2 protein chains.
Amino acid sequence: MKIIKGGVCAPKGFSAGGIRCGIKMSSQKKDLALIYSENICDTAAMFTKNIVKAASVQLTQKNIENGKLHAIIANSGNANACTGEQGMDAAKRMVQSIADELQIDPSKVAVASTGVIGVPLPIDVIEKNIGALKNSLTADEQGHLNALEAIMTTDTRKKEITVEIEINGKTVRLGAMTKGSGMIHPNMAASHATMLTFITTDAAVNSSVLNVCLQNAVTRSFNRLTVDGDTSTNDTIIIMANGEAGNTPITGFEKHDPRIYADLRGLEENNNLKIFYNALEFVCISLAKMMARDGEGATKLVTVTVNGAKNEENAVILAKSIASSSLVKAACFGADANWGRVLCAMGYSGAVFSPENVDVSYKSEIGEITVCQNGKSVSFSEEKAKEILSSCDEIEILVNMKEGISQVSVWGCDLTYDYVKINGDYRS
Amino acid sequence: MKIIKGGVCAPKGFSAGGIRCGIKMSSQKKDLALIYSENICDTAAMFTKNIVKAASVQLTQKNIENGKLHAIIANSGNANACTGEQGMDAAKRMVQSIADELQIDPSKVAVASTGVIGVPLPIDVIEKNIGALKNSLTADEQGHLNALEAIMTTDTRKKEITVEIEINGKTVRLGAMTKGSGMIHPNMAASHATMLTFITTDAAVNSSVLNVCLQNAVTRSFNRLTVDGDTSTNDTIIIMANGEAGNTPITGFEKHDPRIYADLRGLEENNNLKIFYNALEFVCISLAKMMARDGEGATKLVTVTVNGAKNEENAVILAKSIASSSLVKAACFGADANWGRVLCAMGYSGAVFSPENVDVSYKSEIGEITVCQNGKSVSFSEEKAKEILSSCDEIEILVNMKEGISQVSVWGCDLTYDYVKINGDYRS
């Protein structure tokens with residue numbers, strides 16, 4: 001697997017574009033994006049589990065039912081959520097207008113929105129600029145970057161990844177973009193955050209297989225991510241595969257019921273499905289870590305690794321509880337090796353374990369320090385701990401349960417003044 | 001019911017005291033407290049559900065089993081948690097030393113600790129000052145205040161309440177103190193926060209009845225409180241009743257199994273048990289609201305009231321999800337009427353409801369404004385909303401589900417820069 005450039009435009013047959021149409025009234029930033037494949041794609045998607053769903057989510061869920069897509073249109077600056085029938089009408093008009101412009105079937109178009117909730121979507125300005133949106137489509141990296149910019153809200157970094165693999169001697173590419181920094185909380189399965197993630201690939205792979213791959217990858221990536229515990233009304237992750245790489249179609253789960261979880265890790269390494277899945281998992285984990293690092297106001301990526309756990313489920317519960325704790329997050333910001341908060345967060349996680357077995361250490365590029373052994377304080381240099389926690393923008397909290405062999409990492413970030421600032425006055 | 005002064009010393013036969021012995025090394029504040037009744041008390045208590053329990057909690061759970069207590073000794077500045085056998089040894093020595101000093105049975109002494117986790121408790125300085133602690137006991141209000149000061153950590157206000165009721169022509173008093181501002185999260189039943197709450201009463205009431213009363217009161221008070229979602233290793237709430245008021249003993253649940261929840265609200269108003277329960281519930285709700293208002297870094301008490309709910313359980317889940325949302329809390333700090341975050345938090349709460357029925361309004365002393373009707377935005381003056389949210393230190397988020405008749409209020413606070421500051425560098 002090679003990391004390359006190009007984003008969603010790197011796989012053959014895809015183009016993308018992005019413009020400013022004026023949804024974001026108080027800034028000059030782009031706010032309308034398009035991803036398009038000339039050929040109809042096989043597709044899979046996952047959405048927020050929030051009971052309050054944006055109109056765009058509801059419409060896309062319907063359009064994706066048959067597993068086929070031509071294009072994704074997305075906007076930032078407005079979530080098109082909690083606006084009743086007017087919102088659904090706007091989502092439909094958005095899809096219809098780009099379908100007319102591209103001369104494609106509107107039921108093969110996905111729509112995604114992100115931004116403020118409860119304010120009617122200014123559909124008129126979208127329709128007025130739909131021609132310009134279509135004209136912005138290009139198959140080079142600039143198209144990808146324009147689309148990516150147009151879905152960003154409080155994001156401070158461009159989060160994208162592109163990889164190349166080989167399947168049966170054919171070059172296959174996956175390109176991806178994601179936005180999302182606040183409202184990020186584990187539990188996509190299928191749920192998340194104001195997270196929009198769009199992945200394209202030129203692999204030949206049908207929607208049933210894509211579904212299983214996506215569920216597996218999301219479980220081990222976005223589902224192991226936490227920023228602030230809120231789960232958005234708009235989360236959407238879509239993968240489109242147009243088959244233009246010309247590989248032998250990837251098979252293995254055609255008849256698999258996507259509602260039943262199949263664990264792909266058991267497959268042999270040289271299996272085509274496994275090669276494709278590994279690439280997709282790498283793409284999703286890379287994006288999830290970028291999201292954690294770009295958490296609203298974050299100064300640090302905090303990886304929490306629980307090993308020696310009874311089982312994976314237990315490890316995930318423990319690691320997420322630590323990474324989600326406001327007190328742990330604030331201590332990471334303050335570079336305070338306050339490991340008692342780590343044990344405390346484990347204790348109220350709901351997972352059953354023996355506190356008297358637990359070891360805790362902190363790690364960063366410059367070193368590692370053990371601060372708790374067998375559930376008790378050990379003497380350690382507070383100075384060295386502070387140095388480890390403060391000198392890098394990536395730190396790791398390592399917990400050893402000494403109860404089994406399962407290991408899981410989850411990703412979060414610190415809690416900072418800027419988180420409060422950004423969310424205390426988001427709209428002004 | 002009358003609100004009076006005196007705290008835990010107001011009921012007959014109780015004295016209290018507090019001193020500085022040097023557990024809090026970096027400040028000159030008091031850190032060791034004592035509450036004492038000459039007569040043995042009937043007692044009930046509830047503790048954290050965190051799997052990681054401080055040594056003091058473990059010892060007190062044991063000592064309280066027979067329902068009898070003479071005294072409570074408590075310290076701040078050190079949680080005596082995650083310190084292994086050394087911690088349990090320290091807790092036992094703490095209890096033994098005060099029992100020796102007071103010449104009482106050590107198994108009738110409760111111990112509670114709050115402060116940093118994982119640092120060994122300096123038991124020597126406690127033992128060295130145990131005589132001074134005993135000598136600080138007085139039955140006047142100063143004794144109460146000294147004890148209260150000695151259990152405070154990041155608290156900025158003294159949280160106390162005293163009430164007087166009449167039972168069978170006898171004057172009965174309840175006095176209470178609480179500490180706790182961070183790490184406060186619902187779900188005491190029995191669990192909570194670095195919350196220590198001590199309640200004294202001179203009522204004649206046995207421990208079985210006290211148990212049922214305490215469980216009922218905590219369910220409708222501390223369990224409806226949220227500050228930051230963390231649940232501490234040390235939470236303890238204890239009520240002691242010495243019977244010195246001379247009332248006819250309050251009965252009604254002697255044979256009730258305390259593990260089975262009995263709802264006391266159904267009792268007739270002139271029932272002695274109901275009179276006593278109402279006073280206790282008032283005490284607990286008053287303290288819970290004080291804790292929310294004194295949440296770490298908080299500038300506002302935020303009451304979330306859900307009415308028109310299907311049932312109480314549903315209403316509690318919805319209200320807590322709103323009050324716990326970092327985004328809602330940050331919006332309260334910023335006086336931003338961002339009601340979409342309210343609906344979003346309801347949506348991921350796990351409660352089943354129809355978003356299209358929901359009304360949301362904001363309220364404070366200066367007025368009320370409806371911002372969402374039937375799940376949709378209504379036009380409202382952002383300026384007036386900002387005024388309502390910013391001009392008072394008490395605001396209310398009102399949600400009407402229009403699905404039933406249940407109503408529940410929960411209490412929380414806003415998320416501020418100071419929360420991050422306090423918890424980013426707690427120990428320095």
Side-chain angles (χ1 to χ4, degrees), chain A residues 49-53 79 81-84 86 116-120 182-183 185 191 228-233 324-327 330-331 333-334 336 338-341 343-349 351-353 355-356 371-372 374-377 415-417 419-428, chain B residues 49-53 79 81-84 86 116-120 182-183 185 191 228-233 324-327 330-331 333-334 336 338-341 343-349 351-353 355-356 371-372 374-377 415-417 419-428:
Chain A
K49 271 189 167 168
N50 197 310
I51 212 170
V52 180
K53 285 183 174 61
C82 303
T83 47
Q86 192 186 356
V116 68
I117 301 174
V119 175
M183 271 189 155
H185 191 58
S191 143
D228 66 5
D230 280 31
T231 303
S232 139
T233 50
S324 305
S325 157
S326 294
L327 290 172
F333 175 54
D336 182 0
N338 197 329
W339 60 269
R341 294 181 181 173
L343 254 81
C344 181
M346 293 168 68
Y348 64 72
S349 68
V352 174
F353 67 100
E356 62 275 15
V371 291
C372 163
N374 300 321
K376 286 185 293 201
S377 47
L415 175 63
T416 70
Y417 298 121
Y419 177 85
V420 177
K421 187 173 180 185
I422 291 164
N423 290 300
D425 213 357
Y426 176 80
R427 291 191 297 185
S428 60
Chain B
K49 271 191 167 167
N50 196 310
I51 213 172
V52 181
K53 285 182 175 60
C82 304
T83 46
Q86 191 186 357
V116 68
I117 301 173
V119 176
M183 269 189 158
H185 190 57
S191 143
D228 67 6
D230 280 30
T231 303
S232 138
T233 50
S324 304
S325 157
S326 295
L327 290 171
F333 175 54
D336 182 0
N338 197 329
W339 61 267
R341 294 181 182 174
L343 255 81
C344 181
M346 294 168 68
Y348 65 71
S349 68
V352 175
F353 68 100
E356 61 276 15
V371 291
C372 164
N374 300 321
K376 285 183 296 200
S377 46
L415 174 64
T416 70
Y417 298 121
Y419 178 86
V420 177
K421 188 172 178 186
I422 292 164
N423 291 300
D425 213 357
Y426 176 79
R427 293 191 294 184
S428 59

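Quick note on labels: first sequence line is chain A, next is B, and so on, each numbered from 1. This one's a predicted model, so the numbers in the text were calculated from it and none came from an experiment.
Listed options B:Ala81, B:Ala351, B:Pro120, B:Cys82 were ranked by heavy-atom pairs under 4.5 angstrom with chain A; first place goes to B:Cys82.
Contact detail for A:Ile51 and B:Val352: the closest heavy-atom pair is CD1-CA, 4.0 Å. The two atoms that bring B:Leu343 and A:Val52 nearest to each other are O-CG2, 3.4 Å, heavy atoms only.
Of the candidates A:Ser377, A:Cys372, A:Cys344, B:Ile117 forms a side-chain contact (heavy atoms from CB on, under 4.5 Å) with just one, namely A:Cys344.
Contact annotation for B:Ala79: neither backbone nor side-chain heavy atoms come within less than 4.5 Å of a heavy atom of chain A.
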